[in-house]
Amino acid sequence: MNHKEKKFNTEIARLCGTNAAIVASQLWEAQAFPDDAFYIDGYPWIRASYKRLTVYLPFLTVHMVRTAVKKLIGEGVIKVGEYNDSKFDRTHSYAFTSYGRDLMRP
């Protein structure tokens, strides 16, 4: 039986909860893939809907992901922007703040 492990940052879990730490880890990992990240002002941004994140984190619901993202934003770990080609596309993009990057780095 093949089990895929999900690791998360315990400091972010303390600040925002375990679900938020898992979401943060998923966004952090996505930065490493050039096809997933784009750069604005030196920050790597990840474009992701709540539903898309549940594809990678199937044990979380859309509501759980939304709550986790709001906690990460509220604690200043990530920031949110809309960098879409169409004005009808409301998909958010996320980048780690300097504080968030400091938390995520080993």
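Values in this document were obtained by computation on a predicted structure and should not be read as measured data.
I40 and I46 sit in two unconnected hydrophobic clusters of ILVMFWY residues. Membership requires side-chain heavy atoms under 4.5 Å apart, directly or through other members. Using a 4.5 Å cut-off between side-chain heavy atoms of Ile, Leu, Val, Met, Phe, Trp and Tyr, with links allowed through other members, L72 and W45 fall into different hydrophobic clusters.
Residues S93 and F38 approach most closely at OG-CZ, 3.5 Å, considering heavy atoms. Contact detail for T97 and I78: the closest heavy-atom pair is CG2-C, 3.9 Å. In terms of heavy atoms, C16 sits closest to K71 at O-CD, 3.1 Å. Considering all non-hydrogen atoms of both residues, L57 and Q26 come closest at CD2-OE1, 3.9 Å. Considering every non-hydrogen atom in both A24 and I12, the closest pair reads CB-CD1, 4.1 Å. In terms of heavy-atom proximity, V23 sits nearest to A68 at CG2-CB, 3.9 Å.
Looking at L15 and L103, their side chains come closer than 4.5 Å, going by heavy atoms from C-beta outward.
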Distance-only criterion, 3.5 Å: show the donor-acceptor pairs between side-chain atoms of residues 58-66 and protein atoms not counting sequence neighbours.
| unit_1 | atom_1 | unit_2 | atom_2 | d |
| --- | --- | --- | --- | --- |
| T61 | OG1 | M64 | N | 3.1 |

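Atoms CZ and CE, from F8 and M104 in turn, are 11.5 Å apart once rounded to the nearest 0.5 Å. A distance of 15.0 Å separates NE2 of H92 from CZ of R52, quoted to the nearest 0.5 Å. I22 CD1 to K7 NZ: the interatomic distance, rounded to the nearest 0.5 Å, is 13.5 Å.
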Practice item. Let me see the working for K79 and I73 under side-chain contact (heavy atoms from CB on, under 4.5 Å), right down to the final yes or no. Key: CA-CA 6 Å; K79 54 187 174 179; I73 293 167; over 6 Å; no
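Not a single donor-acceptor pair under 3.5 Å links the side chain of R47 to the backbone N or O of A37. D41 places no side-chain N or O within 3.5 Å of a backbone atom of Y43 that could act as its donor or acceptor partner.
Here the two rings, on F96 and W28, have centers that are under 6.0 Å apart.
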